[in-house]
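Below, chain A is the first sequence line, B the second, and so on; all start at residue 1.
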Amino acid sequence: MPELPEVETVVRGLRDPLIGRVIHGVWSDWTKAIRYPDPAAFEARIAGQKVCAISRRAKYILCHLDHDILVVHLKMTGRLYVAADDELHDSDRWVHVRFQLDEGRQLRFSDSRKFGFVSLVNTIEEIAPHLGPEPLSDAFTVAEFAARLARHHKSIKALLLDQAFLAGVGNIYADESLHMAMIHPLRAADSLTADETARLHHAIRVVLENGIEREGASVNWYRKPDGTAGSAQNHFAVYDRSGQACLTCGSPIEKSRVAQRGTHYCPTCQPLTG
DNA sequence: CGGACAACCTGGCGGC
DNA sequence: TGCCGCCAGGTTGTCC
């Protein structure tokens with residue numbers, strides 16, 4: 001579930017409690033969550049380093065330390081937050097990595113499905129060498145988007161989910177973007193007209209910006225670092241609304257399967273032909 | 001190239 | 001109440 005808006009919200013929420021703190025040690029009850037280097041080397045290398053800055057690339061959280069980058073990927077059910085050592089002992093049963101900080105606090109990585117991970121790297125390219133452009137950056141222009149679309153014949157939905165094509169869009173915001181742009185998810189990427197391309201480019205940015213403004217979508221597992229839910233889920237036009245009326249035309253929202261993902265769209269506003 | 005699918009995992013939920 | 005099977009979806013890798 002955590003996509004660009006959710007990860008961006010986590011990054012923003014971690015800056016105040018985490019920047020300036022020193023990491024003294026690492027505890028884990030599920031060492032597979034520590035992907036690289038091996039847990040012993042990981043702890044030896046991270047101990048004593050201060051968190052200098054926190055940023056985001058695609059869906060990766062980057063904690064810039066004195067000499068390394070602590071990379072965290074939340075995958076579907078990951079959470080990352082700072083808490084007092086003895087705080088919330090029972091309410092989160094899925095904490096698999098704890099980073100001991102100074103002043104009796106710890107950075108916790110919680111993940112019920114154990115898909116997420118932490119790594120220590122020098123550059124994000126070490127673990128994600130082929131990420132596409134950031135959709136909210138100035139470098140993501142309509143012209144560049146059009147040129148890249150023309151190189152692919154696969155369905156537009158599958159392409160939006162491809163992190164090498166565009167970084168940060170996941171299933172929820174792909175469906176919402178295609179609906180706002182009035183484009184059927186199965187349209188071939190290289191078949192979009194100039195007008196459709198411009199609409200989709202605009203829709204992706206608006207949908208992601210709205211998601212950030214609403215501090216992410218708490219469909220089930222996602223929480224902000226302060227433990228509260230975001231509100232983007234209250235503003236979905238199509239995601240998780242199958243059978244309900246389209247907010248534009250009243251047609252029932254349909255759910256199908258595209259690129260092996262649940263896909264929600266309005267058959268009237270997003271026709272496959274015409 | 002594109003698409004299908006398995007693998008990584010577990011909680012939540014509908015059905016019985 | 002409880003058991004069963006399915007669904008959720010980010011990413012990688014494999015196969016056709």
Is there a path of hydrophobic side-chain contacts, each under 4.5 Å between heavy atoms of I/L/V/M/F/W/Y residues, joining I172(A) to W221(A)? no
Considering every strand and a 4.0 Å limit on heavy-atom distances, what is the contact class for [X]: base, sugar-phosphate, or nothing?
X       : answer
S155(A) : sugar-phosphate
R35(A)  : nothing
Y222(A) : nothing

Whole-angstrom distance between [N] and [M], as gauged at atom [atom1]:
N       : M      : atom1 : result
dC9(B)  : dC3(C) : P     : 25 Å
dC6(C)  : dA6(B) : P     : 13 Å
dC13(B) : dG9(C) : P     : 15 Å

Could you state the [atom1]-[atom2] distance from [X] to [N], rounded to the nearest angstrom?
X       : N       : atom1 : atom2 : answer
W221(A) : dA8(C)  : CH2   : C1'   : 11 Å
R261(A) : dT12(C) : CZ    : P     : 12 Å
N171(A) : dT11(C) : CG    : C1'   : 13 Å
E3(A)   : dT11(C) : CD    : C1'   : 13 Å
Q233(A) : dA8(C)  : CD    : P     : 18 Å
L74(A)  : dG9(C)  : CG    : P     : 16 Å
N220(A) : dG10(C) : CG    : P     : 12 Å
I172(A) : dC7(C)  : CD1   : C1'   : 14 Å

Besides F115(A), the hydrophobic cluster formed by Ile, Leu, Val, Met, Phe, Trp and Tyr side chains linked at under 4.5 Å, directly or via other members, contains M76(A)
Is [X] close enough to [N] that one of its side-chain N or O atoms is under 4.0 Å from OP1 or OP2 there?
X       : N       : result
H73(A)  : dT11(C) : yes
Y239(A) : dG9(C)  : yes
R257(A) : dA8(C)  : yes
Q163(A) : dT11(C) : yes

With a sphere of 6.0 Å drawn around CG of D16(A), does it hold more than 12 non-hydrogen atoms of other residues, nucleotides or ligands? no
Do the charged groups of [X] and [Y] touch, with an N to O distance under 4.0 Å?
X       : Y       : result
E103(A) : R21(A)  : yes
K157(A) : D175(A) : yes
D68(A)  : R45(A)  : yes

Centre of F165(A)'s six-membered ring, under 6.0 Å away, within 45 degrees of the axis: is that where NZ or CZ of R148(A) sits? yes
Quick one: does any side-chain atom of R12(A) pair with a main-chain N or O of L14(A) as donor and acceptor, under 3.5 Å? no
Walk along nucleotides 5-10 of chain B from 5' to 3' and tag each nucleotide B, S or - by protein heavy-atom contact under 4.0 Å, base first, then sugar-phosphate. B--BBB
Nucleotide pairing, DNA chain B (Watson-Crick or G-U, distances under 3.5 Å), in dot-bracket with [ ] and |: .|||||||.|||||||
If only side-chain N and O atoms count, and only distance matters, is there a donor-acceptor pair under 3.5 Å linking D85(A) with Q100(A)? yes
Run through I61(A), V118(A), V51(A), L62(A) and flag the one making a side-chain contact (heavy atoms from CB on, under 4.5 Å) with L70(A). V118(A)
